[in-house]
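Only this structure's heavy atoms are used, side chains among them; waters, hydrogens and symmetry mates stay out. We're numbering straight along the sequence, starting at 1.
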Amino acid sequence: MIKKWYFYSSLIVIITFLSLGFKPFNLKTKPWFLTEKTDGSEYLLPSLEKDDYPNTNLNIPYTGKHLIGFKEAVAFKESQGKYRLVNTLGYMGKYQFGSKALRAIGIDDDKAFLKDPALQEKAFIALLSKNKWILRYEIEKYEGKVIDGIQITESGILAAAHLGGAGSVKNFFKNKGNRHFRDAYGTSLKSYLRAFGGYDLSYIEADSNATIN
């Protein structure tokens, strides 16, 4: 009788343990992440500055050569991904926007922009769309060619436009790479053409009227 009691007790414990082990796993989005849907996929992106993260280990995977990877690579170069960073020249946010660029995509309040991570992400996409339209002929004509040792790609062109403006990129191609822009810190247009080449930005539509809305 005692042996049977032990057997059934053990069986109940095992069944209970297994049932708990197969409970559905729910991934909850933490407040320090920004959820974004890109090209049919959903990503969780850091939405706070590095110093603002909770005291926990975050294992963020490599984002690859897609739009999400391009965004994070540019952001790291511009600000190390810090949404509230303002540099010595007054450029703001994760992607270091100037006031003129913000006005071009429909943002009039610099302070509100600096405090809003989601708005900064929208602004970056809007500027990409606008620059892709402005530079559509250059992309079509020069993509795949080598100029001054640099393999020209659409993503490199758009990154260079983010650094120095679309006009500087047009001037670069007009002068066959012999004259090129450098910003106030000495960062060259060529370095962006090279560093950010090869990303797939087909998701971005060229739009002359692109705004955050």
Participant: State plainly whether one hydrophobic cluster holds both Val86 and Leu163, where clusters connect Ile, Leu, Val, Met, Phe, Trp and Tyr through side-chain heavy atoms under 4.5 angstrom apart.
Facilitator: yes
Participant: Counting only heavy atoms not in Lys122, do more than 12 sit closer than 6.0 Å to its NZ atom?
Facilitator: no
Participant: Given side-chain contact (heavy atoms from CB on, under 4.5 Å), test Thr153 with Phe196 step by step and report yes or no.
Facilitator: CA-CA 9 Å; Thr153 66; Phe196 300 107; over 6 Å; no
Participant: Is it the case that the ring center of Phe97 lies less than 6.0 angstrom away from the ring center of Phe113?
Facilitator: yes
Participant: Check residues 206-213 and write down every donor-acceptor pair under 3.5 Å in which the side-chain atom is one partner and the other belongs to a residue at least two apart or another chain.
Facilitator:
residue: Asp207; atom: OD1; partner: Asn209; partner atom: N; Å: 2.9
residue: Thr211; atom: OG1; partner: Asn213; partner atom: N; Å: 3.2

Participant: For Lys71 and Phe124, what are the C-alpha separation, side-chain angles and deciding distance, and is it a side-chain contact (heavy atoms from CB on, under 4.5 Å)?
Facilitator: CA-CA 8 Å; Lys71 288 171 57 182; Phe124 186 70; 3.5 Å; yes
Participant: Only one of Gln120, Glu121, Lys77, Glu78 clears side chain to side chain donor-acceptor pair (under 3.5 Å) with Tyr95; which?
Facilitator: Glu121
Participant: Can you give me the closest heavy-atom contact between Ala159 and Tyr192, atom names plus distance?
Facilitator: O-CD2, 3.2 Å
Participant: Does any N or O in the side chain of Asn178 come within less than 3.5 Å of the main-chain N or O of Asn175, such that one atom is a donor and the other an acceptor?
Facilitator: yes
Participant: Rounded to the nearest 0.5 Å, how far apart are OG of Ser168 and CG of Leu189?
Facilitator: 6.5 Å
Participant: Distance-only check: which donor-acceptor pairs under 3.5 Å involve side-chain atoms of residues 139-149, not counting sequence neighbours?
Facilitator:
residue: Glu143; atom: OE2; partner: Glu154; partner atom: N; Å: 3.4
residue: Lys145; atom: NZ; partner: Lys141; partner atom: O; Å: 3.4
residue: Asp148; atom: OD2; partner: Lys190; partner atom: NZ; Å: 2.1

Participant: Would you sort out whether Met92 and Asn87 count as a side-chain contact (heavy atoms from CB on, under 4.5 Å), showing the intermediate values?
Facilitator: CA-CA 7 Å; Met92 300 168 284; Asn87 74 7; over 6 Å; no
Participant: Does any N or O in the side chain of Ser79 come within less than 3.5 Å of the main-chain N or O of Gln96, such that one atom is a donor and the other an acceptor?
Facilitator: no
Participant: More than 12 non-hydrogen atoms from neighbouring residues, nucleotides or ligands closer than 6.0 Å to CZ on Phe173, yes or no?
Facilitator: yes
Participant: Kindly say whether Leu119 contributes a backbone atom to a donor-acceptor pair with the side chain of Asp116 at under 3.5 angstrom?
Facilitator: yes
Participant: Could you tell me which non-hydrogen atom of Ala166 sits nearest to which non-hydrogen atom of Ile134, and how far apart they are?
Facilitator: CB-CG2, 3.6 Å
Participant: Do Thr88 and Tyr185 get their side chains close enough for a donor-acceptor pair, meaning under 3.5 Å?
Facilitator: yes
Participant: Considering only NZ, NE, NH1 and NH2 on the basic side and carboxylate oxygens on the acidic side, decide whether Lys132 and Glu205 come within less than 4.0 Å.
Facilitator: no
Participant: Is there a path of hydrophobic side-chain contacts, each under 4.5 Å between heavy atoms of I/L/V/M/F/W/Y residues, joining Phe76 to Leu85?
Facilitator: no
